[in-house]
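Some notes on the structure that comes next.
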Amino acid sequence: MVGAKKQIVILGGGFAGIYTARTLERMLRPEEADICLVNRENYWVYQPMLPEVISGSIALMNVVCPIRRLCPRTNLVMREVEDIDLTNRIVTVSPGFRPRAKKIPYDYLVIALGEVTNYYGMPGMLENAMPFRTLADAITIRNHVIHVLEEADCEDDPDLRRKLLTIVVGGGGFSGVEVVAELNNFIHEVKKNYRRLREEKVRCVLVHSRGRILPEMAEPLALFAQKILKKRGVEIILNDRLVAATSEKAILKSGLEVPCKTIISTVPSANPPVLQKLDCAKDKGSLLVTTALELVGHEGSIWALGDCVSLKTVSGKVVPPTAQHATREATTCAANISAAIRGGKPAQFTFEGLGTLGSLGHGSAVAQILGVKISGWLAWMLWRNLYLFKLPGLKSKVRIGIDWFMHLLFPADLAQMRLEHESGIKNQHFEPGDIVFHEGDLGDSVYVIEKGECDVIKEEEAGPKLVATLQAGNYFGEMALLSDVTRNATVRASTALDVLLIPKGDFNRLRQSVPAFGEVFSELARKRTGRDN
Ligand SMILES: Cc1cc2nc3c(=O)[nH]c(=O)nc-3n(C[C@H](O)[C@H](O)[C@H](O)COP(=O)(O)OP(=O)(O)OC[C@H]3O[C@@H](n4cnc5c(N)ncnc54)[C@H](O)[C@@H]3O)c2cc1C
């Protein structure tokens, strides 16, 4: 019904989602619609500058902007999208501190969840290769590379040293080329700080499946980029691809094996799992949309855009997955939602790109703008100015400008940030009366009591009923995990309680690797189910 306040839900806070929200905030009056955006982070990442985070030429917090500041009229839900119910128009997002799923109803839905790197069918890649898309990926890669340099510096075994000093990057598109260029520059810059590595050879290897890198660019520019990278010592392997990995080597389709301790892979891409299971029109796994960005079969209520869609312009050209297209798609999408609310005619997507730019670092880049091909320093200046100009907000522009200036004056930073936890297994303490979990909560962890006691309470018609009291050495919480159901009782600390918390992911990993471990919990669940009956 035209006139009633609408609920617009946007899934994804990347280029596509953020620009849609910002445009809708400008186009619609607050009384016309509420805008809600779901994203797993509370910040938006400026991906084209991510490679420079690895080398430290841009400080890591300077490539992100808080979504709440970018979209002040939008309600941000910082959660994981777990399910999209197209029939009942409800989005389910992951639990937060309280382990209970949240349901968000919508009148109009925008799907802009981007893509993920997918190692399906590539043995060992998941465990041994690092993807490169997010800020967390950039930090992980930076930390890992500094770690291997530190190890190589104190390692005496020459074979291991060689492996530690070899980096393999899969995918010769923009992100692969930019990451290998930045890493190669970074390592050569900081090598002098490692006394035993000064004379050592560092191998940066780029593997690409086609006959030349940068397939998005004209051949002369791609060849220029290849020449620059080779001059700087990057090895380029063409017409081959990464197919598997172990902790000791990268394995290519041709059978070639590269002994190494660092593999970064920017390919292949696929839609996020929540979209893979979505029952709707698709083209090779990507969501199929009309030229008005409406999800085929759901015209007028669901729009999809950005990297997760298969889209053609009005003239039939395939739209590539780039930020410049995602931002233009966002404008069309917002205009069409506004038209749906106010009763207008949908706009069609016609933008066919202004050009492409790729940085090679150290004052060199390749650019193809409105048919004009530029390479070298001029292209690099163009790249920096254009991306700085496109960055929203004066604060971010100033910060990045200062970072670049500082990098001209001072050497790259070498400090490693040790953030990562080996697993999510942790100790937790509860005071008497604290609730560990409620009946009806999602089962997200198993608990082992180390010290103290707790009560297991079931809600019955007559009131709460004490089912059991558990003590040190007892386990609980396994039933909801083993049978994927919600908690069937509330657990409350009756004394000061210390538990070991094993999150679902770790619990399942342990069960798979140590069947006896899983059997203990399965047996316990069987006994407890019997007692319940
Ligand atoms: C390293 C790198 C360099 C690039 N350089 C350029 C460049 O120079 N020029 C250019 O035009 N393009 C570039 N691109 C491509 C460009 O960044 C993408 O095309 C663009 O980001 C696509 O926008 P999007 O909104 O569709 O997806 P994304 O920007 O990937 O955003 C998707 C968002 O959805 C969130 N999300 C995903 N799944 C879930 C879930 N289940 N629950 C909650 N949130 C979820 C993600 O956290 C993310 O915030 C680059 C990409 C990379 C990785």
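Counting begins at 1 with the first residue of the sequence. Only heavy atoms go into these numbers, but all of them, side chains included; no hydrogens, no water, no symmetry mates. In listed order, ligands and their atoms are each counted from 1.
- The residues Lys504 and Asp444 are annotated as not salt-bridged, no charged nitrogen and carboxylate oxygen being separated by less than 4.0 angstrom.
- Remark: among candidates Pro48, Ala16, Cys308, the nearest residue to atom 5 (N) of ligand 1 is Pro48, based on non-hydrogen atoms.
- Protein heavy atom in closest approach to atom 7 (C) of ligand 1: Tyr387 OH, 3.3 Å.
- Ranking protein heavy atoms by distance to atom 27 (O) of ligand 1, first place goes to Gly114 CA, 3.4 Å.
- Remark: ligand 1 atoms within the under-4.0 Å shell around heavy atoms of Gly306 are 26 (O).
- For atom 39 (C) of ligand 1, the closest non-hydrogen atom on the protein side is Arg40 NH2, 3.3 Å.
- Ionic pairing of Glu25 and Arg73 is not present here: no N-O contact between side-chain nitrogen and carboxylate oxygen is shorter than 4.0 angstrom.
- A salt bridge does not link Lys6 with Glu32: none of the charged nitrogens is closer than 4.0 Å to a carboxylate oxygen.
- Of all the listed residues (Arg133, Met78, Gln47), Gln47 holds the heavy atom that lies closest to atom 52 (C) of ligand 1.
- Nearest protein heavy-atom neighbour of atom 49 (O) of ligand 1: Asn39 OD1, 2.8 Å.
- Salt bridge present: Lys277 and Asp83 bring a charged side-chain N and a carboxylate O closer than 4.0 Å.
- Checking Asp307, Val309, Ile84 against atom 22 (C) of ligand 1, the nearest heavy atom belongs to Asp307.
- Side chains of Trp303 and Thr20 form no contact here, defined as non-hydrogen atoms less than 4.5 Å apart.
- Closest protein heavy atom to atom 28 (P) of ligand 1: Gly14 CA, 3.9 Å.
- Remark: minimum distance from atom 45 (C) of ligand 1 to any protein heavy atom is reached at Leu113 CD2, 3.6 Å.
- For atom 14 (N) of ligand 1, the nearest protein heavy atom lies 4.0 Å away or farther.
- Taking the charged nitrogens against the carboxylate oxygens, Glu82 and Lys102 have no contact shorter than 4.0 Å, which rules out a salt bridge.
- Contact between Trp44 and ligand 1 is absent, with no heavy atom of the residue lying under 4.0 Å from the ligand.
- Using a 4.0 Å cut-off between heavy atoms, Ala323 contacts ligand 1 through both its backbone and its side chain.
- Considering only heavy atoms from C-beta on, Arg399 stays 4.5 Å or farther from Ile402 through its side chain.
- Using a 4.5 Å cut-off on side-chain heavy atoms (C-beta onward), Leu70 and Arg22 make contact.
- Within ligand 1, the atoms closer than 4.0 Å to a non-hydrogen atom of Gly13 are 33 (C), 34 (O), 49 (O), numbered from 1 in the order shown.
- Residue nearest to atom 47 (O) of ligand 1, selected from Glu41, Glu115, Glu182: Glu41 (by heavy-atom distance).
- Of all atoms in ligand 1, numbered sequentially from 1 with element shown, those under 4.0 Å from a heavy atom of Gln324 are 11 (O).
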